[in-house]
Participant: 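My questions all concern the structure below.
Below, chains carry the letters A, B, ... as their sequence lines are ordered, and counting in each starts from 1.
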There are 2 protein chains.
Amino acid sequence: MSTAAITVPVTVADHENCPATSVLRRVGDKWSVVILSVLAQRAYGFNELDRSVEGLSRRMLTRTLRALEEDGLISRTLHPSVPPRVDYALTDLGRSFLEPVRALGLWALAHRSDLEATRTCDS
Amino acid sequence: MSTAAITVPVTVADHENCPATSVLRRVGDKWSVVILSVLAQRAYGFNELDRSVEGLSRRMLTRTLRALEEDGLISRTLHPSVPPRVDYALTDLGRSFLEPVRALGLWALAHRSDLEATRTCDS
DNA sequence: CTGTATCCAGAGGGATACTG
DNA sequence: CAGTATCCCTCTGGATACAG
């Protein structure tokens with residue numbers, strides 16, 4: 001974490017094959033971080049998630065949840081009750097993932113005046 | 001950076017207006033981080049950058065450089081010589097930006113086995 | 001409640017050719 | 001050298017309707 005070190009991906013074709021790249025793209029997609037942030041509070045059911053995140057379509061909710069599950073960032077637990085209930089929750093990996101993501105969010109907040117996109121955004 | 005704290009964006013419509021969101025999208029786009037990483041070494045000229053990043057088109061190079069410049073992450077310096085020479089370099093803001101980005105990259109590297117996308121990626 | 005399937009519009013991004 | 005302008009194709013993501 002010092003000043004220099006790490007020559008970073010750079011000059012890439014592996015760009016595609018690099019695990020860092022896929023992680024960055026995941027962070028950049030529209031809903032992943034929002035969903036992970038919601039799940040950071042507690043486990044949620046499907047519709048509950050749908051209602052909690054304004055503007056998120058059921059289609060993208062499904063797709064994003066599947067992607068996050070494949071990455072091992074969240075877990076999906078089916079409770080075969082009537083009606084059926086599914087719980088989505090962060091895994092340990094997901095929790096650890098949120099740390100660097102939050103660092104990035106904090107950076108953005110700390111430098112929002114420098115970034116000139118100074119629209120007010122609470123908390 | 002403790003365990004809890006920070007309730008994060010969550011349940012959003014401001015999602016769009018939040019500075020953190022735009023930063024995450026920037027991180028997620030295809031070339032920004034690669035270009036910033038290259039510039040972390042030293043200043044580069046336009047064609048020099050083009051040649052250094054395999055697979056990057058001149059069109060996207062221009063667009064990405066403009067975007068990064070507007071964000072204040074890089075500087076563009078025109079030297080009116082013959083032939084003309086332009087230098088792109090990281091700003092202090094750009095350098096500070098790379099810190100959390102690298103943290104994310106290091107996380108990805110550290111957990112690449114957990115992420116199951118275990119294609120070999122050196123450095 | 002928890003999804004899947006279809007359709008469709010818009011953004012992202014590559015190839016190529018041209019300009020100061 | 002340092003770009004701009006077009007064309008075009010793919011991927012993302014929203015709307016809507018249907019299913020277990």
Participant: Could you state the atom-to-atom distance from CG of A:L49 to P of C:dC1 in whole Å?
Facilitator: 13 Å
Participant: Suppose the criterion is ring-ring contact (aromatic ring centres under 6.0 Å, His included): which pairs have a residue in residues 83-104 of chain A, not counting sequence neighbours?
Facilitator: A:F97-B:W107
Participant: Rounded to the Å, how far apart are B:D50 CG and C:dG14 C1'?
Facilitator: 12 Å
Participant: Would you please name every residue forming a salt bridge (charged side-chain N to carboxylate O under 4.0 Å, His left out) with B:D71, sequence neighbours left out?
Facilitator: B:R26
Participant: Among C:dC1, C:dG13, D:dG14, find the nucleotide with the atom closest to the side chain of A:R25.
Facilitator: C:dG13
Participant: Give, for atom CG of B:L49 and atom CD1 of B:I74, the distance between the pair rounded to the nearest 0.5 Å.
Facilitator: 8.0 Å
Participant: Please give, in whole Å, the distance from C:dA15 P to B:M60 CE?
Facilitator: 12 Å
Participant: A:P83 has a side chain; which of D:dA2, C:dC1, D:dG13 sits nearest to it?
Facilitator: C:dC1
Participant: Distance check: side-chain N/O of B:K30 vs OP1/OP2 of C:dG14, anything under 4.0 Å?
Facilitator: yes
Participant: Of the options C:dC1, D:dG3, C:dG3, whose atoms approach the side-chain atoms of B:F46 most closely?
Facilitator: D:dG3
Participant: Among residues two or more places apart or on two chains, list those pairs meeting salt bridge (Lys or Arg N to Asp or Glu O under 4.0 Å) that have a residue in residues 78-88 of chain B.
Facilitator: B:E48-B:R85, B:R85-B:D87
Participant: Starting at the 5' end of nucleotides 15-20 of chain D, put B wherever the base has a protein heavy atom under 4.0 Å, S where only the sugar-phosphate does, and a dash everywhere else.
Facilitator: B-BB--
Participant: How many Å lie between CG on A:L56 and P on D:dG14, as a whole number?
Facilitator: 7 Å
Participant: Specify the angle, to 10°, made by the local axes at the two ends of the helix from C:dC1-D:dG20 to C:dG20-D:dC1 when five pairs are taken at each end.
Facilitator: 40°
Participant: Over all heavy atoms of both residues, which pair between A:V38 and A:V53 is shortest? Give the atoms and the distance, please.
Facilitator: CG2-CG2, 4.0 Å
Participant: Please work out which residues in residues 61-69 of chain B have a non-hydrogen atom less than 4.0 Å from an atom of DNA chain D and list them by number.
Facilitator: B:T62, B:R66
Participant: Measure from the side chain of A:N47, starting at C-beta and using heavy atoms only, and say which of D:dG13, D:dG3, C:dT2 lies closest.
Facilitator: C:dT2
Participant: D:dC1, C:dC1, D:dG3: which one has an atom nearest the side-chain heavy atoms of B:Y88?
Facilitator: D:dG3
Participant: From A:Q41 CD over to A:S52 OG, what is the distance, rounded to the nearest 0.5 angstrom?
Facilitator: 8.0 Å
